[in-house]
Amino acid sequence: MSDSKRITLQQAAEVVKNGSSLTFSGFTIWRRPFALVFELIRQQRRNLHLIEVNGGPHTEFLVGAGCVDIWESCWVGHELYGKYGANLSRKVANREIIVEDYSHAEMMFRFAAAAQGAAYAVTQTSLGTDIHNPEYDMLGRAGLRDGKRIAKHKYLFADDPFYGAGSQVLIPAPKVDIAVMCVQQVGEEGTVRVNGQYYSDPEAARTADITIVMAEEIVPEEYLRRNADINTIPSFEVDYILECPFGAHPTGMFGRYDVDGAFLKDFYARTRTQEGFDDFAKAWIHGLDHISYLEKLGWPRMLGLKANTALNYSPRATKGGK
Amino acid sequence: MSDSKRITLQQAAEVVKNGSSLTFSGFTIWRRPFALVFELIRQQRRNLHLIEVNGGPHTEFLVGAGCVDIWESCWVGHELYGKYGANLSRKVANREIIVEDYSHAEMMFRFAAAAQGAAYAVTQTSLGTDIHNPEYDMLGRAGLRDGKRIAKHKYLFADDPFYGAGSQVLIPAPKVDIAVMCVQQVGEEGTVRVNGQYYSDPEAARTADITIVMAEEIVPEEYLRRNADINTIPSFEVDYILECPFGAHPTGMFGRYDVDGAFLKDFYARTRTQEGFDDFAKAWIHGLDHISYLEKLGWPRMLGLKANTALNYSPRATKGGK
Amino acid sequence: MSDYAKAEEFGLADLLCCAASREVADNEIVFAGTGLPMVAIMLAQKTHAPNLKLIFEAGTLDGRPPEIPTSVGDARCEMGASRSSGLSDAFSIAQRGYVDLGYLGGAEVDVYGNVNTTCIGEYLNPELRLTGSGGNPDINSFAKRTVFIMVHEKRRFVENVSYITSPGWRVKKWPGGELVHRRELYGAAYRGGPSAVISTAGVFRFDDQSGRMFLDTCHPGKTAEEIREMCQFDLDISRVKGETEVPTREELRIIHEVLDPHEIFIPKIKQG
Amino acid sequence: MSDYAKAEEFGLADLLCCAASREVADNEIVFAGTGLPMVAIMLAQKTHAPNLKLIFEAGTLDGRPPEIPTSVGDARCEMGASRSSGLSDAFSIAQRGYVDLGYLGGAEVDVYGNVNTTCIGEYLNPELRLTGSGGNPDINSFAKRTVFIMVHEKRRFVENVSYITSPGWRVKKWPGGELVHRRELYGAAYRGGPSAVISTAGVFRFDDQSGRMFLDTCHPGKTAEEIREMCQFDLDISRVKGETEVPTREELRIIHEVLDPHEIFIPKIKQG
């Protein structure tokens, strides 16, 4: 029907400019758009502002590679494969990055407000915590609250005028340039079908000015439209699409493949220092493209992660237990 | 697993007390819980406060029968089977009912806020209209804004403090005692699966303190739980369930049966006066129960409305065209 | 060259439907309500704007119904849709700014394009309570342009509507209620406003500066002067471009054979 | 009578898991995070609370995973669920007030049950940046009760945490930052707060009036005095009820054979 939305992985990374604000699909170690994250690192993208409902390994890669100036979120780590985000932690200690902390529900409600076209959300979470410590407004301290792409205030308090329900936290909708989504299926016209939990994907896509969808497979649009009630993101919210099998590796994808726990543990163990990160990036990112990355991972590893289609996860995957 | 949530139609109607605030599933002339609406009329429920994203024939029946003191919504009519709500219109002219007007998006966002546990929503719709005319705050004029079950203000204006985006309308989350839903399937433990557009059903169920689900069929809970991602309302939001085939008639239900346009046209034509309504109620409500109502409708009529399972609507249904 | 139908081959509803259909450009995202707007936009989809995206208020996104739905809640809306969901989705998408064009109706319109669908007469003491707003003010607030399709009677074309249900170009600033340009009130949410009124008499547009309605084209058989007489306000007829473009035979075929064969919204013209 | 395991048959993780499991009553709605909380709550589901409803943050509602998910985003979370969706659903349900109990963890806890998962040392000049809040403050704000499971080290049990990530019984009132009872801040959203801390040393609860932590039970082999020495604040040990109830053999069987056979979260104790 319409002009093709297909682009290549390289072109997709080029949509992201130095200084762009970015968000991603997925949840902690699930459905993160890794192939594109690697390509951004190869292309040496700089000064990114990540605004995420929650972070994960992809945050750690981008931060470790020096792509990120501002990280606005609530959590980063590798779940049971690495306790915290060691690259972010190192950059915070060295004052090489600005971190703006919200709570998880605050980030979710901020995106829900943005997706609804509202200027801000109203909530009663996290009252009394240091998340609302006025000294800890890091974007304010850095003089970056211009009221254009970054809100004038981190948050405001207001009393509920309708029911006298007490102090409300008003939290600004984020302004996001680009959302990069990693999903199971996208149609030729952009319709997205996510299988399993959709996390905060619908809100991420609707919030961003530009949405790029990386899918395990591009399927005929008409196939998805036969069951409109199980699709996740409508066609017109998607600007670019690309097919990229295993594009979420080392994170997992419901119904397709599990998290590569060993890869993440190795990353976590080896990237406590910048030198460690640089070595890891040399081995796994630079000089490779997506196919040579998969070849380097090898068939036995990827077959071991492959999900059983009845279970939607891999009963074979070593879970990297304690 | 848990104690049974099953009740009878009569018991369901008894959950609704004189003075309760009520909302419903569906959209205009689709999936309205008519069997229970008829039972409320039979039980002569009084002083109800309807809070609806939008109204429809069910509103007209309850209003015509004198069950309703306050109607807070944005629209009532019968779509192409009747231009407006003649019973509401008559009661408004006679000052027998309080109508509080919002816009459709305002009503939707109010329910979305309530379902999210937020005190109010923030929007920029309908600025400059008489919906915001301070003289037309009808619950305020009636002295009913106690700040408990009814908000202290119909709405408030506030400037956006985060991006300078201009005047915002703050609209209070409604307090709803009971939601009555009419759906295709409910599981024994309360899980609801709606087929087709779910309208504002998820928000209605989550907003209400008590949720009653009337379904075409009660199915084994385990059947619904095999595909959790296509279910609509989680088990624990549902307090009572009942099986009631064709319970939405004369409104339609996706995949099951079409709107009975002839019935609605007849209702619209005959209930311009209170006498007309009373006659109609005598014929179609009083002295009947749900089964005798279906018997009175008869097989040919109902088979004519039955949806084709490939199309999800009835290609036979006369659409009551002009 | 288009194969235009002759006067006896089409009715007023056909003319309105085709005129409304021509207001949309290809690839636009359109929000349409039940009735004639639905036929108009589906006609556009099947003629000059095959890639327009259609949003129905009840929750279907980018649908491609093979025949006309009886209302936006109808199962037909969902056929061929990209996503089917609910009202929260539809209104969120609209408020987020995705919608290019909204098609609406109204009982009364005033010189500034303010529309009333709430009541005839004083709100506090109405002659007739109507349906209420529905999504009319919302679509009109959120879309970049809106097109109104209306029956033309002098009592419906008034200097100021008795109740502004849906905002035109000059609207009320509360709490005082003085009329101001809508740009003043909407702030960052300002995206545009009513771009056309298509009545049973002609097509009307609005002056950029004053926000007042002017006559753009007259329907066949109507003169500008006649149309001015059909308005309670002083209609600007100085910019009339001519006659409203009439339906083509292909458009009539699509309306009556494909979209609305059962004459749900548009009656067929019986010819001699 | 329960068939309690002997000291050599279980480890500390087993004890914590069983103690945590006992905090929930049947039919309650529980919000649990990744790790030990997940094992504890699934143990309850398979023993004394078969009808509890489990909510995972990533978006599965009332799930019945047959084996332990590796994280709340895992495909296993969805098995047997009433509904699978996303974070907006999970947090909306929580803020709406459906959640009875939340299970959480923390790096530091203070005498008022304030928990820190954000940084060690000064926030503006941290010794170590940790994961950040995640949903900890949210679940703790929204649930009627919360239970924290923690490693017990003296450096982790402090008079005041350096950063309040998650609100305890006395929290900071901004902009000044003075400590006030959480009831004062939360208004209508006040539903309760931390009801227990289960550490590797004992079980702690909070005084209704002062909001200060006191020792409830000591784990086997620990005395109240020893536990007081393991806190930087002055722990009230006057109300100790005795020893923490140990795991039963059936509980150990469920943990190690059914829920976590691969020792993802809970190591097996090698005997003799």
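Chain naming here is simple, since letters A, B, ... match the order of the sequence lines and numbering starts at 1 in each.
Ranked by heavy-atom pairs under 4.5 Å with chain B, the list C/A189, C/G134, C/G168 is led by C/G134. When each of C/S71, C/G135, C/G187, C/S85 is checked for heavy-atom pairs under 4.5 Å with chain B, C/S85 comes out on top. Listed options C/E57, C/R182, C/E184 were ranked by heavy-atom pairs under 4.5 angstrom with chain B; first place goes to C/E57. Across C/A188, C/P137, C/G35, the residue that shares the most heavy-atom pairs under 4.5 angstrom with chain B is C/P137. Of all the listed residues (B/G77, B/A93, B/G128), the one sharing the greatest number of non-hydrogen pairs under 4.5 Å with chain C is B/G128. Annotation: maximal heavy-atom pairing with chain B below 4.5 Å, among C/L128, C/T118, C/N140, C/L130, occurs at C/L128. Highest contact tally toward chain B, considering only C/C119, C/A58, C/G59, C/S92, is held by C/A58 [criterion: heavy-atom pairs under 4.5 Å].
Taking OH from B/Y155 and CH2 from C/W174, the interatomic distance works out to 7.5 Å, rounded to the nearest 0.5 Å. For the atom pair OG of B/S89 and CD1 of C/I120, the computed distance is 10.0 Å after rounding to the nearest 0.5 Å. One distance of note links CG of C/L185 with OG of B/S126; it measures 12.0 Å at 0.5 Å rounding. Between the CZ atom in B/R95 and the CG atom in C/N125 there is a gap of 5.0 Å [rounded to 0.5 Å].
The shortest side-chain heavy-atom distance between B/I131 and C/Y163 falls under the 4.5 Å cut-off. In this structure the side chain of B/M138 reaches within 4.5 angstrom of the side chain of C/L124, judged on heavy atoms. Side-chain contact between B/L127 and C/V171: absent, with no pair of heavy atoms (C-beta onward) separated by less than 4.5 Å. Side-chain contact between B/L80 and C/I264: present, with at least one pair of heavy atoms (C-beta onward) separated by less than 4.5 Å. Residues B/N312 and C/E78 form no side-chain contact, since every pair of their non-hydrogen atoms from C-beta on lies 4.5 Å or further apart.
Proximity of a side-chain donor or acceptor of B/Y199 to a complementary backbone N or O of C/G73 within less than 3.5 Å is detected. In this structure a side-chain-to-backbone donor-acceptor pair under 3.5 Å is present from C/S133 to B/Y102. In terms of modelled atom types and a separation under 3.5 Å, the side chain of C/T131 and the main chain of B/Y84 share no donor-acceptor contact. C/D138 contributes a side-chain N or O that, together with a main-chain N or O of B/H104, makes up a donor-acceptor pair within less than 3.5 Å.
Few gaps surround NZ on C/K268; more than 12 heavy atoms of other groups in view lie less than 6.0 Å from it. Enclosure of atom CD in C/Q209 is not indicated, since only 12 or fewer non-hydrogen atoms of other residues, nucleotides or ligands lie within 6.0 angstrom. Applying the 6.0 Å contact sphere to CG of C/D208 captures no more than 12 heavy atoms from other residues, nucleotides or ligands. The neighbour count for C/K173 NZ, taken as heavy atoms of other residues, nucleotides or ligands under 6.0 Å away, does not exceed 12.
Heavy-atom distances place the side chain of B/R141, and not its backbone, under 4.5 Å from chain C. Of the atoms belonging to C/V72, heavy atoms from both backbone and side chain fall under 4.5 Å from chain B. Heavy atoms closer than 4.5 Å to chain B are found in both the backbone and the side chain of C/L87. For a residue to count as touching a neighbouring chain, one of its non-hydrogen atoms must lie under 4.5 Å from one of that chain's; by this rule C/D260 does not touch chain B. In this structure, chain B has a heavy atom under 4.5 Å from the backbone of C/S166, while its side chain stays farther away. Both the backbone and the side chain of B/V99 come within less than 4.5 Å of a heavy atom in chain C. Looking at B/F111, there are no atoms closer than 4.5 Å to chain C (heavy atoms on both sides), in backbone or side chain. For B/N54, the part lying under 4.5 angstrom from a heavy atom of chain C is the side chain only. With a 4.5 Å cut-off on non-hydrogen atoms, C/T34 touches chain B through its side chain but not through its backbone. In this structure, the portion of C/R83 lying under 4.5 Å from any heavy atom of chain B is its side chain and not its backbone. Proximity to chain C is limited to the side chain of B/V92, based on heavy atoms less than 4.5 angstrom apart.
When each of C/I164, C/V115, C/N114, C/N116 is checked for a side-chain contact (heavy atoms from CB on, under 4.5 Å) with B/T129, only C/I164 meets the rule.
The shortest heavy-atom contact between B/A105 and C/F142 is CB-CE1, 4.1 Å. Listed here is the closest heavy atom pair of C/M79 and B/L311: CE-CD2, 4.2 Å. A pairwise comparison of heavy atoms in C/A75 and B/W30 identifies N-CH2, 4.3 Å as the closest pair. The minimum heavy-atom distance linking C/P175 with B/P134 is given by the pair O-CG, 3.9 Å. When all heavy atoms are compared, the tightest approach of C/C77 to B/Q197 is CB-NE2, 4.3 Å. In plain terms, the two heavy atoms of C/S141 and B/Q124 that are nearest each other are CB-O, 4.4 Å.
Sorted by first and then second residue, the salt bridge (Lys or Arg N to Asp or Glu O under 4.0 Å) pairs with a member in residues 198-207 of chain B read B/R31-B/D201, B/R206-B/E237, B/R206-D/D89; sequence neighbours excluded.
A donor-acceptor contact under 3.5 angstrom links the side chains of B/T123 and C/Q95, judged on distance only. Counting only N and O atoms by type, the side chains of B/D101 and C/Y123 include a donor and acceptor under 3.5 Å apart.
Aromatic ring orientation, B/F109 versus C/F91: perpendicular (interplanar angle above 60°, classes split at 30° and 60°).
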Working for side chain to side chain contact (heavy atoms under 4.5 Å, CB included), residues C/T117 and B/W75: CA-CA 10 Å; C/T117 66; B/W75 187 93; over 6 Å; no
